[in-house]
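Worksheet: the structure to be examined is printed underneath.
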Amino acid sequence: MTKWTPTHEAPEPLEGPVVATITGGTILWFVLFLAQLPFYGWFEDHGHAWWVWTCLAGGGLGLIGVWYVRKRDAALRRHAAEKAGNTA
């Protein structure tokens, strides 16, 4: 079996409001968790309790993601400032 190799250059990664996007997604996971919490009995009776815990896990992992992208954003800004300082 031969390995497939692309015949064109990979595009540059998209940069945008990464911190805001991850924060918004994290908030959404926690809101979904809180919205489902009053119906936990129904979810458990129907074998869907994992939905509730998936939302909580998504919120928890989102907090790690927010921490990570904030550190990444700070490092990128620090690098850009150092690079601008060296060329001036």
Side-chain angles (χ1 to χ4, degrees):
M1 179 174 218
T2 61
K3 182 180 177 183
W4 179 82
T5 55
T7 57
H8 60 280
E9 292 285 328
E12 289 292 320
L14 296 175
E15 290 295 332
V18 179
V19 176
T21 302
I22 301 301
T23 302
T26 301
I27 291 170
L28 182 63
W29 279 114
F30 278 123
V31 166
L32 288 172
F33 170 71
L34 293 174
Q36 291 178 359
L37 203 54
F39 306 103
Y40 183 78
W42 184 89
F43 283 113
E44 192 170 35
D45 292 344
H46 290 85
H48 299 301
W50 63 271
W51 288 8
V52 178
W53 302 119
T54 299
C55 292
L56 183 61
L61 290 172
L63 290 176
I64 295 170
V66 169
W67 173 80
Y68 179 81
V69 296
R70 288 186 69 192
K71 291 285 188 180
R72 177 186 177 268
D73 195 38
L76 289 172
R77 288 183 186 177
R78 206 170 36 251
H79 177 72
E82 289 173 2
K83 190 175 181 182
N86 289 340
T87 61

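Sequential numbering from 1 along the given sequence is applied to the chain's residues. None of these values were measured; they are calculated from a predicted model.
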*Test side-chain contact (heavy atoms from CB on, under 4.5 Å) on Leu63 and Trp29 and set out the steps.*
CA-CA 10 Å; Leu63 290 176; Trp29 279 114; over 6 Å; no
*asked:* So Ile64 and Leu61, do their side chains get closer than 4.5 Å, heavy atoms only?
replied: yes
*Write down the atom of Val52, the atom of Phe33, and the distance for their closest heavy-atom approach.*
O-CD1, 3.4 Å
_Closest approach of Cys55 to Gln36 (non-hydrogen atoms, all atoms of both residues)_ = SG-OE1, 3.9 Å
_What's the separation between atom OH in Tyr40 and atom CZ in Phe43, rounded to the nearest 0.5 Å?_
10.5 Å
*Can you spot which of Arg70, Lys71, Arg77 makes a salt bridge (Lys or Arg N to Asp or Glu O under 4.0 Å) with Asp73?*
Arg77
*When hydrophobic residues are tied together by side-chain contacts of less than 4.5 Å, even through go-betweens, does Phe39 share a cluster with Leu32?*
no
*asked:* Can you confirm whether Trp67 is buried at CH2, in the sense that more than 12 heavy atoms of other residues, nucleotides or ligands lie under 6.0 Å from that atom?
replied: no
*Do Leu34 and Ile27 belong together in a cluster built from hydrophobic side chains that touch within less than 4.5 Å?*
no
_Between Phe30 and Trp51, is there shared hydrophobic-cluster membership here, with clusters defined by ILVMFWY side-chain heavy atoms closer than 4.5 Å?_
yes
